[in-house]
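Encoded as C-alpha cells, the structure appears first; notes follow it.
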Amino acid sequence: MSHPASSPPIRVVDVIRRKRDGGELSKAEIEDFVRGATSGEIPDYQLAAWLMATVLKGMNPAESAALTHAMLHSGEVLDLADLPLPKVDKHSTGGVGDKTSLVLAPVAAAGGLAVPMISGRGLGHTGGTLDKLEAIPGFNVNLPTREFRRVLHACGCAMIGQTAEIAPADRKLYALRDVTGTVESPYLICASIMSKKLAEGIDGLVLDVKTGSGAFMKKEEDAAYLAQLMVETGEQMGKKMAAIITDMDQPLGLKIGNSLEVDECLDVLRGSGPEDLRVLCLELSGWMFFLGSVSKTVEEGKQLAEKTIRSGEAMERFRKMVELQGGDPHSMDDPRRLPQARERMEVPSSQSGVVNEIQCEQVGTACVILGGGRERKEDSIDPAVGIVLHKKVGDSVRAGESLCTVLYNSPQRAQRAKDMLESSYQIGEAAPVQKRPLVHRVISGSGRTN
Ligand code: URA
C-alpha cells in the first residue's frame, strides 16, 4: 500500500487484523485498501480475508461512507449533463428470479427518462442482470464509456457492467465476494451498489431492497437498515432516493435461469407474464417516473408504465437497445433463438396438499448448481439452464404432480438440483395462514411524499 513519506508504511495484514478485532479503519487506510484492490497490488487472499472481517465486524458510518466514496472514485464518474432528460435508475439488492431491470429500463426510457444502467453479475445464490443480458446472443455488456453514451442517447437506456473505467473496484470485489461467502454485509452491499450507481451520473435512484428466505437480508429489520443506509448515502450525494422493501420469500415470477428470465421479461413487455413480476415492475417504474418528475405521483407513474407496455413502445426500446449493443433483435420475437437446454426433468410432489413455503435461497442455489451461476470465480455460466416453477406458495398440489421443471445440460448437476428443489418445497394440509405482501414498505428520501 502507498503511504506519505513521513508516516510508517501501512501493512495490509495490520489493516485486516484491526478489522478482525473490531477496530476502526481511517479514511486513508480504506482509500489505500481500495486503491490496492483495484490495481491488483493486494492479492485476492488478503482482499478475501478483509472482506470476511468486514462481514463479521461491520463498519461505523464514517468507515461505510469512506468505502463507498473510495469505490466510487476508483474510476470515472459520468457527467450526462448533455442529455436533456431526467436520469433515473433502479437497483436491486439481489434475489431469485429477480429480473425486473430488463423490463424497467425500456419502460422508463419509453416514458421519458434516461436510464444509464450499470449492473452486476450473479452474486451467491442470486441472479445478475449482466448474466441474463448475455443470454441474448451477441449482447455486449462491456461497452466502453463512449459507446455506452451513444446507446443511451439513441434509445434512452443502456445496460453495461462495471468496467476498467467505471466502478472498477466493485468489479474486483464483487467477483471475490460472490465465491467467498462475503456478500451479506450491509456496508459491503451499500458500497457495491452505491459506487456503481453514483458513477452513472443519475439524478435519482429507486432501490429494490429484498427481504425473505431468498434475499441477503433475510429479516425485514436488516433490509430496512440497509435501505436507510443507501438512501442516506445517495441523499448526501444530492440524489433523489427511494427504497422499496419487497418480498423475496419465494422466487419472483415463474422462471429462474438466465435465458428463461429473458423470455419471461419479454412476456411482460408484451403485456402478459406472471402477476407478481408485472405488479413489481409497475411499482418500481412508477417510483422511477415519480423521482424523475415525469409523473406527479407514483400511481400516475404506474399508469404511464402500463401505457408504454400497451402501446408496444417499451418493447421497441428494448429491441433497439439489444440491437445497438450487438444482440440478436430477432430473438426478441422468437425466444427459440435464445439458448435452450437439451434436457428436462420434472420434480413431482411427494404428497397432496397446499404449498406452504418455498425455501427460496435453495431454489437459487439449485440454479447455480445447474450451471446458471458461479461456484468459483473463473466458472463460466450456462445461459440455457434453469427452473420453471409450476407451483408457488398457496397453490394446491396433488401427489405426483410436478412442482417444477428442471432444464439442464448435465445429468449429474440436474440430480443434485432436483434433490435440492424437492426439499425446498414445504407442503401442508391447509393454506399458509398469512400471505406475505409483495411490497413490505417504502423508505423514501427526506420530505418526499407521494
Ligand atoms: N447488488 C450489487 O450490486 N452489489 C451487492 O453487493 C449486492 C447486490
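What you see is a predicted model; the values in this text were computed from it and never measured. Ligands are counted one by one from 1 in listed order, and the atoms in each one are counted from 1 as well.
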Ligand-side contact atoms (ligand 1) for residue partner [X], heavy atom cut-off under 4.0 Å:
X	value
Lys196	2 (C), 3 (O), 4 (N)
Ile193	1 (N), 2 (C), 3 (O), 4 (N)
Ser92	1 (N), 8 (C)

query: Got Thr211 and Arg436 here, is their nearest side-chain heavy-atom distance under 4.5 Å?
result: yes
Just need the protein heavy atom nearest to [atom], so name the residue and atom and give the distance.
atom	answer
atom 8 (C) of ligand 1	Thr93 O, 3.3 Å
atom 4 (N) of ligand 1	Ser192 OG, 2.6 Å
atom 7 (C) of ligand 1	Leu123 CD2, 3.4 Å
atom 1 (N) of ligand 1	His91 NE2, 3.3 Å

[Y]/[X] salt bridge by N-O under 4.0 Å criterion:
X	Y	result
Arg35	Glu41	no
Glu261	Lys255	no
Lys196	Glu200	no

task: Before signing off on this row, confirm whether Arg177 and ligand 1 have an N or O atom pair separated by under 3.5 Å.
output: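 Among all N and O atoms of Arg177, at least one is under 3.5 Å from an N or O of ligand 1.
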Heavy-atom pairs closer than 4.0 Å: do any link ligand 1 to the side chain of [X], the backbone, both, or neither?
X	result
Tyr174	side chain
Ser119	neither
Ile189	both

Closest non-hydrogen atom pair, Ile118 against Asp89: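 Looking at all heavy atoms of both residues, the shortest contact is N-OD2, 4.2 Å.
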Parallel, tilted or perpendicular, as decided by the 30° and 60° cut-offs, for the rings of His73 and His69: tilted
- request: Ignoring hydrogens and angles, tell me if any N or O in the side chain of Ser26 forms a donor-acceptor pair with the backbone of Glu29 under 3.5 Å.
  value: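 Between the backbone of Glu29 and the side chain of Ser26 there is a qualifying donor-acceptor contact (under 3.5 Å).
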- prompt: Under the criterion side chain to side chain contact (heavy atoms under 4.5 Å, CB included), which of Ile42, Val34, Leu47, Thr38 is the partner of Lys172?
  reply: Leu47
